[in-house]
Amino acid sequence: MEHNHGTIGRWQGAGLMATTLLGTGVFILPEMTIATAGHGALLAWILLTLAIIPVTLVFARLAGVFPHAAGPAYFVEKAFGRTAGRTTGLIFLLVVPIGTPAAILMTFQFINALVPLVGWQQLMTELALLLLLLALNLKGIQVSAKLQFALTLAIVSVVVILFGAGGAKLGDLELAAPQAGSDMGLVMAAAGIAFWSFLGIEAMTHLANDFKRPDKDMLPAMIIGTILVGLVYVACTLLLLFVPKGEGLAMVTAFDHLLGGYGAQVIGILGVAGGLSTVNVYTASVARLIWSFSREGVLPRYFDNLNQHRVPVRALVAVLLTMATVICLTYLFGQELEHLIAWTNGVFVLIYLVSMLAAARLLSKRYLPLVIMGVSFCLAMAVALGANMLYALLLVSVLAPLLWWQKTHLVRKQTCRVG
């Protein structure tokens with residue numbers, strides 16, 4: 001493995017982590033969870049935030065000890081062998097076709113709050129945003145890290161101001177959400193949707209070599225980002241429980257209700273920027289994984305190429321072209337946002353689970369309690385997602401036998417040559 005010369009510091013990493021997690025969901029997911037579980041959505045967010053902390057700590061430790069562009073795929077390969085590791089990497093690659101349209105669709109809810117776009121106008125704007133992502137990534141992730149740190153401060157500031165305004169008017173507000181929160185099944189269903197907000201924890205591990213000191217900076221960067229994001233989501237959910245639902249996005253209504261206007265502009269701009277940040281980090285992560293797999297012979301050697309800023313440009317272009325193709329297909333055939341989110345979540349639950357199991361073998365025994373909590377969390381999320389786990393299981397059932405055959409075939413060829 002050829003290591004990069006890291007350029008990201010601890011606080012830039014925390015900003016990168018936070019905006020990746022806040023991303024597309026910060027002003028949308030609380031509303032979706034309230035629609036599912038009523039005031040039980042607040043409990044769902046609190047439980048989810050507490051449960052994800054052990055998972056974050058384990059991922060951060062793995063990335064600090066074993067920094068590698070392949071991230072979870074590398075951890076799993078070290079623990080369980082090549083077939084398991086490469087299967088993990090490929091299901092991560094194959095979640096892009098459903099995860100990207102979901103992220104873009106969520107981002108466009110904010111764009112429509114600013115400038116209503118429909119039909120081909122929307123499609124062309126989505127494709128133009130991919131060109132912007134290409135430009136952002138060509139000079140390395142450190143440029144995005146600096147921009148996203150500033151964006152994190154802006155999003156958190158807006159939420160704090162809203163929460164402060166809501167607290168000042170709390171005596172005049174009444175609980176506006178439906179009283180559906182006593183059903184634990186609905187709380188778990190809301191948590192299954194909310195899990196989207198913490199997709200990005202594993203993506204940071206792909207960027208470990210972009211940190212100046214991954215062994216020292218990964219853990220604080222990732223845990224600060226995760227806790228901050230959890231608090232922001234809990235605050236947003238609590239606000240929406242007390243603000244009557246209006247037309248359009250609930251967070252825009254809340255902003256207008258509490259601060260007297262300009263909600264579409266402020267929430268819209270921050271939502272678009274946050275959505276692009278999430279897609280940007282995943283673009284960089286997947287490009288790194290393709291580059292790593294190219295070096296290892298899993299994918300064609302064509303992608304084993306870095307520019308002067310040590311960016312895998314060919315892999316990056318391939319990722320963005322795939323995203324563009326899928327966005328076009330999604331526009332032509334249509335898909336429900338909730339389905340795309342749930343299918344994406346199912347794949348990541350599986351990736352998180354095998355990463356936790358790998359940590360049980362790779363890390364010292366003092367991390368075992370955290371690993372057990374992480375495994376328990378993943379199993380609970382799998383139960384919450386139910387039938388939506390089928391997409392992930394289908395990918396594994398197809399890819400694992402193919403990769404095992406590929407490994408066996410190569411071993412036989414090498415044996416024949418030696419013979």
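Computed from a predicted model, the values in this text were never measured in an experiment.
Here the side chains of Thr49 and Phe198 are in contact, with some heavy-atom distance below 4.5 Å. The shortest distance between side-chain heavy atoms of Phe59 and Met356 falls below 4.5 Å. Here the side chains of Ser197 and Leu48 are in contact, with some heavy-atom distance below 4.5 Å. Between Val319 and Met323 the shortest side-chain heavy-atom distance falls below 4.5 Å. Side-chain atoms of Thr36 and Met32, non-hydrogen and from C-beta on, never get closer than 4.5 Å to each other. You'll find the side chain of Phe27 reaches within 4.5 Å of the side chain of Ile155, heavy atoms only. Inter-residue side-chain proximity for Val347 and Phe92 is flagged as unmet; no heavy-atom pair is nearer than 4.5 Å. Between Leu385 and Trp343, every side-chain heavy-atom pair lies at or beyond the 4.5 Å cut-off.
Between Val58 and Ala359 the shortest heavy-atom distance is CG1-CB, 3.3 Å. Heavy-atom minimum distance, Met251 versus Cys236: CE-SG, 4.0 Å. Nearest heavy atoms, Gly263 versus Phe255: CA-CD2, 3.3 Å. In plain terms, the two heavy atoms of Ala44 and Ala191 that are nearest each other are CB-N, 3.9 Å. The shortest heavy-atom contact between Ala235 and Val159 is CB-CG1, 3.9 Å. Closest non-hydrogen pair, Ala254 versus Leu240, comes out as CB-CD2, 4.0 Å.
With rounding to the nearest 0.5 Å, the separation of CZ in Arg86 from CG in Leu402 is 13.5 Å. We find the CG-CG distance between Leu239 and Leu258 to be 6.5 Å, quoted to the nearest 0.5 Å. Note that OG1 of Thr283 and CG of Leu130 are 7.5 Å apart. Values are rounded to the nearest 0.5 Å. The structure places CD1 of Ile290 at 10.0 Å from CG of Leu90, a figure rounded to the nearest 0.5 Å. The OG1 atom of Thr237 sits 11.5 Å away from atom CG of Leu43, with the distance rounded to the nearest 0.5 Å. The CG atom of Leu368 sits 10.0 Å away from the CE atom of Met373 when rounded to the nearest 0.5 Å.
Between the side chains of Thr83 and Trp404, no donor N or O sits under 3.5 Å from an acceptor N or O.
Between the side chain of Asn345 and the backbone N or O of Phe195, no donor-acceptor pair lies under 3.5 Å. A donor-acceptor distance shorter than 3.5 angstrom exists from the side chain of Ser355 to the backbone of Ile351, with no hydrogens or angles considered. In this structure a side-chain-to-backbone donor-acceptor pair under 3.5 Å is missing from Thr56 to Met222.
Residues forming a salt bridge (Lys or Arg N to Asp or Glu O under 4.0 Å) with Glu77 (at least two apart in sequence, or on another chain): none. Taking the salt bridge (Lys or Arg N to Asp or Glu O under 4.0 Å) definition, one finds that Asp217 meets it with Arg10, Arg213, sequence neighbours left out.
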**OP:** Could you walk me through whether Leu62 and Thr205 pass side chain to side chain contact (heavy atoms under 4.5 Å, CB included), step by step?
**Re:** CA-CA 8 Å; Leu62 284 170; Thr205 66; over 6 Å; no
Subject >> Verdict with supporting geometry, Trp45 and Tyr233, side chain to side chain contact (heavy atoms under 4.5 Å, CB included) >> reply: CA-CA 7 Å; Trp45 282 109; Tyr233 274 106; 3.3 Å; yes
Original post:
Can you list the steps and then say if Ile111 with Leu129 is a side chain to side chain contact (heavy atoms under 4.5 Å, CB included)?
Top reply: CA-CA 12 Å; Ile111 291 179; Leu129 292 177; 4.1 Å; yes
**OP:** Decide yes or no on side chain to side chain contact (heavy atoms under 4.5 Å, CB included) for Tyr262 and Gln265, but give the supporting numbers first.
**Re:** CA-CA 5 Å; Tyr262 298 101; Gln265 291 79 8; 3.9 Å; yes
